[in-house]
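Here is the structure we will look at.
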Amino acid sequence: MSIPNARRFKITGPEGQTATLVAVLPKGADVDSYLVDASKRFDWKAWGDLQQKQFKVRVGQQKQKKSK
């Protein structure tokens, strides 16, 4: 089940990276100021490390044989 009021926002980092942020904002909230504040508080270094680990290519991985 999903949260009915959740909205997706794209935020841009200081070096041009883009990340998707999912948030539930109250009615009447200033979305622009929230996104500016969220992009300042966002941990871009950890996000970049996670992206590199996610798409890391393993070379030379072989299936191990079962020995009897």
Side-chain angles (χ1 to χ4, degrees):
M1 295 190 56
S2 64
I3 300 172
N5 296 333
R7 293 176 52 192
R8 293 178 184 260
F9 300 102
K10 289 217 180 243
I11 57 174
T12 306
E15 297 170 3
Q17 313 101 313
T18 57
T20 303
L21 180 72
V22 179
V24 177
L25 299 178
K27 290 183 180 178
D30 188 15
V31 177
D32 294 329
S33 66
Y34 171 76
L35 292 177
V36 168
D37 185 45
S39 64
K40 287 179 185 175
R41 292 185 292 127
F42 193 77
D43 190 2
W44 291 103
K45 184 177 183 301
W47 181 81
D49 293 343
L50 183 66
Q51 292 296 320
Q52 286 179 351
K53 286 182 183 177
Q54 184 175 4
F55 297 111
K56 185 176 181 180
V57 177
R58 289 187 160 184
V59 179
Q61 185 178 15
Q62 298 177 355
K63 193 172 186 178
Q64 294 181 353
K65 295 180 183 177
K66 289 185 179 179
S67 59
K68 292 184 178 181

Study note, to complete from the structure: With sequence neighbours left out, the residues meeting salt bridge (charged side-chain N to carboxylate O under 4.0 Å, His left out) with Lys45 are Asp49

Review point. With Thr18, which residues qualify under side-chain contact (heavy atoms from CB on, under 4.5 Å), at least two apart?
Key: Thr12

Check your understanding: In chain order, what residues pass the side-chain contact (heavy atoms from CB on, under 4.5 Å) check against Asp30, with sequence neighbours excluded?
Key -> Asp32, Ser33

Exercise for review: List in chain and number order the residues that pass side-chain contact (heavy atoms from CB on, under 4.5 Å) with Pro14, two or more places apart in sequence or in another chain; answer none if no residue qualifies.
Suggested key: Gln17, Trp44

Check your understanding: Roughly how far, to the nearest 0.5 Å, is the OH atom of Tyr34 from the CG atom of Leu25?
Key -> 5.5 Å

Revision key, fill the gap. Residues at least two apart in sequence or cross-chain that pass side-chain contact (heavy atoms from CB on, under 4.5 Å) with Ala6, listed by chain then number, are Ile3, Val22, Val24

Review point. In the hydrophobic clustering (ILVMFWY, side-chain contacts below 4.5 Å, transitive), which residues join Val36, or is it alone?
Key: none

Revision key, fill the gap. Applying salt bridge (charged side-chain N to carboxylate O under 4.0 Å, His left out) to Arg8 and not counting sequence neighbours gives none

